[in-house]
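One structure is given below, encoded as structure tokens.
Numbers restart at 1 for each chain; the letters A, B, ... are given by sequence-line order, proteins then strands. Keep in mind that this is a model prediction, so the values were computed, not measured.
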Amino acid sequence: MLFDRLCLHNFQRYAGDFEIQFPDPKKHAAFVVILAPNNTGKTTIIRALKFLLYGELPAGNPWELVNDRTRDGASIGDNVSAWVEARIRINDDDPITVRRSLTVRRIDDRGRWVVEGPALHCKKSDNRGEKYYKDDGFIQSKITRAVPEDLFSWFYFHGEPAGGKMAHGGADGLRESLQKVIQLQRWDDSERLAEKLAKKIESEIATEVGANREYQQIQSQLETVQNGLKKSKEDLRKCENLLSEGSDKLAALEARTDELAAAAAKAKDTLSAIRKLENSKATAEREADSAARGYRDRVAKLGGLPFLQALFDTADIRLEGLRKKNLLPAEVSKPFIERLIKQEACVCGRPHDDAAILSLREYLKGALATQTNSDLLELSRQLDPANGAPFRQRLVGHSDEIRRLREVEGSARRRASETARQLDELHPPDDGELTDFESLLKDRRILSSKLENIRDKKKELEHTATKQEQAIKAYRNQLSSIGGGRRGGKVPKLNEELGKAQNLLDAIREGKDRFEASVASVLKRHLSQLFDNAVTSGNTASISSRTFLPVIRTSRGTVEANPGGGEKQVLELAFVIALSELRREINQTVRAAGLGGNLLGPQSFVLDSPFTSVDPNYMRVIAEFLPGKARQMIVLVAKQNWHDTIREALEDHVTMAYAVTLHTSSAIKEPDAYRFVFRGKKHDLLVKLPGKETPFTSYSQI
Amino acid sequence: MARIRIPNSALDLLPFCQTADSPYEEVLFPNYASLLTMAAGYGHHVVGRGAREAKAFLKKPEPIDLGIFRSQHLYSQLQLLALGCADEMEGEDPLDEEYVCKLIENLADAGCKVLAQVLASAGGPASFVQFLGEEQAKACAH
């Protein structure tokens with residue numbers, strides 16, 4: 001349903017006549033913005049529409065529908081009226097003008113009124129002029145079919161559609177409304193009728209063969225198997241639902257894990273390269289340390305010996321001198337010679353002569369002490385070539401080895417340094433990334449395995465159902481033969497009818513399942529197109545196969561229980577737009593199938609303050625989302641929401657704009673709240689009235 | 001028995017000796033006797049026989065008995081220095097233990113002075129060890 005024009009007469013806070021003309025929705029999509037300060041009657045527009053379409057009156061005192069100022073001016077016995085009139089296009093066809101009015105009559109000074117109406121009229125023109133005809137129910141039924149009252153708050157709302165209750169299951173009322181829209185009750189009614197028919201036939205058969213025990217036994221067995229079959233089919237449906245939901249989830253997980261796989265492989269390669277380089281660095285450092293240790297050991301081992309080389313020959317000459325004097329080695333000790341001189345005779349008994357005494361005394365002068373003898377013998381041994389000249393031997397190759405160890409250490413240190421440089425260039429991957437990937441992969445394996453189990457169970461159930469169907473057929477044949485033999489020809493005929501009734505019931509159930517799947521699929525398609533492109537969080541929209549209400553899924557495939565900021569609002573807006581598309585598709589399909597019904601036209605939307613309770617980021621998202629999403633969209637915006645971000649996002653798309661001005665004699669504390677900027681021009685929506693006149697509001701196109 | 005005193009100039013080199021609280025990883029000498037033997041050899045390498053008389057000695061560590069050098073198989077190097085340096089015309093007896101002690105003290109003092117300077121400018125014990133190794137290598141090649 002689309003609106004060409006809306007007029008309010010003495011309706012609540014609107015005294016007198018107000019008219020809002022909308023752009024011709026036949027020509028192009030209309031996006032209308034109404035800028036209204038607080039308390040100027042934005043929400044009254046929604047109430048006026050509800051009164052026009054369904055005749056809803058204010059709770060408590062219905063006469064309060066008529067403007068206070070108007071009623072104040074009425075004397076006892078006077079009639080005053082309020083009405084809402086609109087030129088509407090119910091099915092995208094030629095417009096009609098409808099008016100719903102309420103008349104009240106003052107009966108005393110204590111505020112009591114008699115109410116007459118409300119009544120719906122349709123305006124018609126002929127050659128005698130224009131005339132209002134009272135609706136006989138025809139127009140009302142067309143309106144109600146176009147916009148069922150249950151759905152009014154989904155398309156015309158203050159804040160969020162349907163009071164913001166639709167996400168994550170919604171309230172029972174919402175689910176029922178939705179099921180009405182997609183006409184699920186028709187399927188349930190058909191199923192109930194088919195069941196009733198089958199039971200009636202079964203009852204007739206039971207009556208026919210009541211006396212036949214065998215027949216009853218078989219009948220009982222048949223019922224057991226039929227119940228079993230019913231249970232099997234229910235279980236099968238549950239399996240299919242689980243498989244459908246699980247497959248979506250698995251697809252999301254597969255997509256996410258595939259997306260992460262390349263990054264994870266790269267991270268693993270980097271880690272492997274880092275480990276390899278770290279090992280190389282450690283090896284080089286160990287090699288360098290080992291060479292340094294070898295170098296140090298070698299230096300320590302030789303001590304001062306290398307510096308003494310020049311003395312080897314001198315020492316050799318002096319030792320040789322001692323040897324030539326027979327002082328080295330000292331073959332006889334000093335005390336022995338001293339004792340020999342004192343004894344005055346040799347050990348052989350011959351007395352010492354002078355030469356012998358002289359010789360002994362000469363020897364005694366140069367004789368070595370025992371320790372000195374031992375020290376010199378040790379030095380001789382170290383220098384003696386016949387002994388391998390250990391001192392010289394220890395110096396052989398020392399120079400080359402010292403240099404070699406130095407080079408080995410230097411080379412290893414350079415290698416370690418180069419490896420460290422290469423390590424600096426490699427950035428270790430984030431552990432969290434790999435952990436997330438492994439965790440998702442695990443979820444994917446578990447889910448895949450669960451789905452496999454469900455598939456196995458489904459196969460098993462299908463096999464059981466086939467067996468049960470065969471058993472039912474066999475029992476019916478048995479019943480038919482028994483019935484035919486004992487009760488005449490009526491029972492076989494009834495059994496045949498029962499078979500047909502059961503087939504009908506199966507066909508209805510199958511059709512319902514297919515229809516539900518198709519509805520969910522169409523809704524999801526529209527919803528995903530609208531929502532997934534609008535939000536930047538990476539979350540996606542989906543449809544609950546149980547309730548047909550929208551849910552948000554995260555990139556991990558889990559349901560987002562508490563979307564923040566305004567994501568839920570975007571989801572709800574996307575859903576109501578998707579719902580309007582679904583209704584049209586169902587309508588077209590039903591009509592194309594030749595099943596009748598009136599053509600369902602495009603849906604208009606009236607959004608009162610849709611930016612309330614939304615964070616600034618989502619204000620922009622919603623403002624960018626709204627234009628172009630419906631043939632007619634009317635957005636009422638309060639001053640506190642008319643931020644620059646919203647204004648900039650909306651201005652270029654607005655096809656028509658209205659401003660609501662408050663006329664009042666009261667002092668206004670915050671006059672700034674009445675100043676709007678639209679397309680670069682300032683609008684002051686406050687007019688000061690002289691004296692104590694009753695405040696009122698007026699509309700003007702800007 | 002005769003003992004060799006440790007000259008003051010060896011103070012900065014003592015950490016290169018193996019003790020319970022040695023601060024360097026680059027421990028080179030298992031004991032003070034080894035340090036003195038190496039320093040005396042290096043002193044002779046640098047100044048030859050013209051080493052000046054050492055005058056200042058450390059009280060701690062205490063002077064080292066020659067028996068310690070013998071038990072560490074270092075005495076042959078001391079004997080070598082004595083035989084190579086003693087001038088008999090000057091009445092120096094290379095077999096006299098007192099002469100040996102005096103000679104080694106003087107040569108060790110000369111060697112320690114040079115090595116302490118090298119250590120101070122080497123930038124660390126590792127560089128000092130490298131210096132000593134290169135000096136050894138040069139002496140061997142020569």
Side-chain angles (χ1 to χ4, degrees), chain A residues 288-289 292-322 327-328 366-369 371-383 390-392 394-406 409-410, chain B residues 1 16 18 25-30 33-46 48 66-67 69-70 72-86 88 93-97 100 107-108 111 125-126 128-142:
Chain A
D289 290 345
R293 258 196 317 279
Y295 186 95
R296 194 168 61 241
D297 291 348
R298 186 123 195 130
V299 169
K301 192 174 162 192
L302 286 185
L305 196 58
F307 307 119
L308 304 178
Q309 265 192 115
L311 302 177
F312 288 175
D313 291 342
T314 313
D316 249 346
I317 292 166
R318 290 204 165 184
L319 289 170
E320 185 57 29
L322 289 170
L327 294 173
L328 185 71
L368 300 175
Q371 182 62 59
T372 307
N373 177 56
S374 166
D375 292 340
L376 292 176
L377 282 177
E378 173 58 21
L379 179 59
S380 297
R381 202 181 60 75
Q382 293 291 345
L383 295 173
F391 269 6
R392 289 179 198 277
R394 282 168 70 186
L395 300 179
V396 173
H398 178 65
S399 172
D400 291 344
E401 184 61 7
I402 283 281
R403 287 190 182 121
R404 186 190 72 77
L405 289 169
R406 183 87 195 274
E409 185 192 353
Chain B
M1 192 176 275
F16 286 99
Q18 179 72 58
E25 280 184 16
E26 287 77 7
V27 167
L28 282 174
F29 309 108
S34 297
L35 168 66
L36 281 186
T37 308
M38 190 283 299
Y42 188 63
H44 179 266
H45 179 67
V46 176
L66 287 183
F69 289 89
R70 288 191 175 97
Q72 297 295 321
H73 306 288
L74 295 168
Y75 193 77
S76 290
Q77 293 184 39
L78 306 190
Q79 187 77 74
L80 194 59
L81 279 164
L83 287 173
C85 293
E88 286 175 9
D93 180 1
L95 306 182
D96 176 12
E97 288 189 347
V100 172
L107 289 173
F128 176 74
V129 173
Q130 275 183 10
F131 169 80
L132 206 52
E134 279 163 18
E135 288 291 283
Q136 284 183 346
K138 272 192 244 166
C140 286
H142 185 67

Bottom line for B:P94: the part with an atom under 4.5 Å from chain A's heavy atoms is side chain

When the 4.5 angstrom heavy-atom criterion is applied to B:L81 and chain A, the contacting part is both

Engaged part of [X] at the chain B interface, taking heavy atoms whose separation is under 4.5 Å:
X	value
A:E401	neither
A:R406	side chain
A:I317	neither
A:L368	side chain
A:T314	side chain

Do the non-hydrogen side-chain atoms of [X] and [Y] ever get within less than 4.5 Å of each other?
X	Y	value
A:Q382	B:Q79	no
B:L80	A:L379	yes
B:H44	A:F307	no

[atom1]/[X] to [atom2]/[Y] distance, rounded to the nearest 0.5 angstrom?
X	Y	atom1	atom2	result
A:L308	B:H45	CG	NE2	10.5 Å
A:L322	B:L83	CG	CG	8.0 Å
A:L302	B:L28	CG	CG	11.5 Å

Sequence neighbours excluded, the answer for side-chain contact (heavy atoms from CB on, under 4.5 Å) partners of B:A39 is B:A108, B:C112

Worksheet item: Where the side chain of B:Y75 meets the backbone of A:D375, is there a donor-acceptor pair that is under 3.5 Å apart?
Response: no

Main-chain N/O of A:R403 paired with B:E134 side-chain donor or acceptor, under 3.5 Å: no

If every non-hydrogen atom of [X] is compared with every non-hydrogen atom of [Y], which pair is closest and at what distance?
X	Y	result
B:G133	A:V299	CA-CG2, 3.5 Å
B:A86	A:R318	O-NH2, 2.8 Å
A:R298	B:Q136	O-OE1, 4.4 Å
A:P306	B:C140	CB-SG, 3.7 Å
A:L305	B:Q77	N-OE1, 3.7 Å

Handout entry: Residue pair A:E378, B:R70: steps toward the side chain to side chain contact (heavy atoms under 4.5 Å, CB included) verdict
Key = CA-CA 10 Å; A:E378 173 58 21; B:R70 288 191 175 97; over 6 Å; no

Highest number of heavy-atom pairs under 4.5 Å with chain A among B:H73, B:Q130, B:M38 belongs to B:Q130

Residue set satisfying ring-ring contact (aromatic ring centres under 6.0 Å, His included) with B:F128, at least two apart, ordered chain then number -> B:F16

